[in-house]
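Remember, it's a predicted structure, so these values are computed and weren't measured experimentally.
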Amino acid sequence: RRADYALAVFAAVGVLLLSEPWGNGIDGLGLLLALVAGACWAAYILAARRAAHFFSGGDGVAIAMAIAVLPPLVPGLATGGSGLLSTHVLLLGLLVAILSSAIPYTLETEALRRIDERVFGVLTSLEPAVAAIAGWLIIDQRLGAMQLAGIACVTAASVGVTRTEPEPEL
């Protein structure tokens, strides 16, 4: 629908205002990598939605995490060596894995079971806004007029997309 496209553009404008890519000029390689990352994020949303409906419970997340650990395993072991096997490092790694991957991806999977991927995509535009607010609250990072406008845009787009979403199936 046109409203969906308009809200997605509004969210994208908000993210641009938050990131201010024009501040120090645009690096061509950085822009290309950002576009590739955006395409990968879109592919992730579509693949995760399919997996959420194919696998029950947290099975899909568990399988994905078991596969995702493989690529960095050899370089990690090569550079970290036996120091990675200390109790402190293993417990810290487990804590990071749970807090930064297991819980968020499980919650995302549950969300994708219940809402449309277009709504999920716009709602994820809130992540930079939340990060900016956290930076302001925790490390006293300055938020200028552009960042505040960006936060307002992604928030408005997220509210708009959830208002036009049909009631979720439970």
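Nearest approach of L112 to H53, heavy atoms of both residues: O-NE2, 3.7 Å. Closest approach of L84 to L90, counting heavy atoms only: O-CD2, 3.4 Å. Looking at every heavy atom in both residues, A11 comes nearest to V154 through O-CG1, 3.3 Å. Nearest heavy atoms, P71 versus I67: CD-O, 3.3 Å. Nearest heavy atoms, F10 versus A156: CE2-CB, 3.6 Å. The shortest heavy-atom contact between V89 and G83 is CG2-O, 3.6 Å.
A 4.5 Å side-chain heavy-atom check between W136 and Q147 finds every atom pair outside the cut-off. Two residues are said to be in side-chain contact when any heavy atoms from C-beta on lie closer than 4.5 Å; S158 and T155 fail this criterion.
Looking only at distances, a side-chain donor or acceptor of R114 sits under 3.5 Å from a matching main-chain atom of E110. Under the 3.5 Å distance criterion, the side-chain polar atoms of R49 are matched with a main-chain donor or acceptor of I115.
Residues in residues 63-74 take part in no salt bridge (charged side-chain N to carboxylate O under 4.0 Å, His left out) pair, two or more places apart or across chains.
Annotation: the span from L148 atom CG to C153 atom SG amounts to 11.0 Å, rounded to 0.5 Å. R113 CZ to S56 OG: the interatomic distance, rounded to the nearest 0.5 Å, is 7.0 Å. Taking CG from L35 and SG from C40, the interatomic distance works out to 11.0 Å, rounded to the nearest 0.5 Å. With rounding to the nearest 0.5 Å, the separation of CG in L94 from CG in L99 is 9.0 Å. In this structure, CD1 on I151 lies 5.0 Å from CG on L143, to the nearest 0.5 angstrom. Considering CZ of R50 and CD1 of I45, their distance stands at 14.0 Å, rounded to 0.5 Å.
If you chain together hydrophobic residues whose side chains sit under 4.5 Å apart, L17 and V9 fall into the same group. Residues L95 and I103 fall within the same hydrophobic cluster, defined by Ile, Leu, Val, Met, Phe, Trp and Tyr side chains chained together at heavy-atom separations under 4.5 Å. One hydrophobic cluster holds both L107 and I98 under the rule that ILVMFWY side chains link at heavy-atom gaps under 4.5 Å. Hydrophobic cluster membership differs between F55 and M65, with clusters built from Ile, Leu, Val, Met, Phe, Trp and Tyr side chains linked at under 4.5 angstrom.
Here V96 pairs with S100 under the side chain to side chain contact (heavy atoms under 4.5 Å, CB included) rule; sequence neighbours left out.
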